[in-house]
Amino acid sequence: MSLTPGTPLSFGRSNITETGFMDEISFTGLGKGMYAVNAALFSSVGLSFDKVMLGGKPFNVMSGGGLSTAFYSGQHGGDWTLKLTGSGNGAASYHGLVSVAAVPEPETYALMLGGLVAVGVAVRRRRQQP
């Protein structure tokens with residue numbers, strides 16, 4: 001699935017009848033750099049997530065009342081894979097939403113700080129002139 005920063009992407013699977021399942025969803029389309037990633041998964045009654053990993057980092061999984069939810073917030077660079085394992089009974093399903101935003105690189109912050117210093121110096125010089 002191709003990701004675009006600033007555009008949420010939904011995904012899911014329905015009619016999960018296996019008592020144990022493992023799904024892998026690949027996310028591509030991001031260039032070099034770091035991205036802030038937020039993702040959420042929700043299950044139907046009768047499906048529980050055992051483990052949810054995004055690029056090797058775990059989601060927070062909560063289960064109760066026959067439902068499972070999983071949340072993740074972190075940073076990733078480039079392409080990555082979402083791996084889900086769990087169990088279902090009957091025609092269970094899950095759906096999820098993932099969104100990404102570009103994270104400025106350290107050089108961007110350094111340039112901004114340098115610009116602020118230059119403006120501060122210019123204002124100070126202007127105030128000192130008679």
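Both backbone and side-chain heavy atoms feed into the values below; hydrogens, waters and symmetry mates do not.
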* Pairs flagged by salt bridge (Lys or Arg N to Asp or Glu O under 4.0 Å) wherever residues 90-102 is involved - sequence neighbours left out -> none
* To do: Can you sort out the partners of Ser87 under side-chain hydrogen bond (donor to acceptor under 3.5 Å, both in side chains), two or more places apart, ordered by chain and number?
  => Ser48
* Apply the test side-chain contact (heavy atoms from CB on, under 4.5 Å) to residues Arg126 and Arg124: give CA-CA distance (whole Å), side-chain angles for both, the deciding distance (0.1 Å), then the verdict. => CA-CA 5 Å; Arg126 189 172 283 181; Arg124 185 174 177 163; over 6 Å; no
* Rounded to the nearest 0.5 Å, what's the gap from CG on Asp50 to OG1 on Thr85? Could you check? => 5.0 Å
* Asked: Which atoms form the tightest heavy-atom contact between Pro8 and Ser99, and what is the distance?
  -> CA-CB, 4.2 Å
* Structure fact -> When rounded to the nearest 0.5 Å, the distance separating CE of Met53 from OG1 of Thr81 is 11.5 Å
* Check: Phe49 ring centre within less than 6.0 Å of Phe59 ring centre -> no
* Output the distance between atom CG (Asn38) and atom CG (Leu97), rounded to the nearest 0.5 Å. => 9.5 Å
* To do: Would you check if the side chain of Ser10 reaches a backbone N or O of Gly96 as a donor-acceptor pair within less than 3.5 Å?
  => no
* Is Ile25 reachable from Val98 through a run of hydrophobic residues whose side-chain heavy atoms are each under 4.5 Å from the next? -> yes
Side-chain donor-acceptor pairs under 3.5 Å in residues 14-21, sequence neighbours left out?
unit_1, atom_1, unit_2, atom_2, d
Glu18, OE1, Arg13, NH2, 3.1
Glu18, OE2, Arg13, NH2, 2.8

* Would Asp23 and Phe11 satisfy side-chain contact (heavy atoms from CB on, under 4.5 Å), going step by step from the backbone distance to the final call? -> CA-CA 12 Å; Asp23 289 347; Phe11 58 93; over 6 Å; no
* Heavy-atom side-chain contact between Phe27 and Leu9 under 4.5 Å -> yes
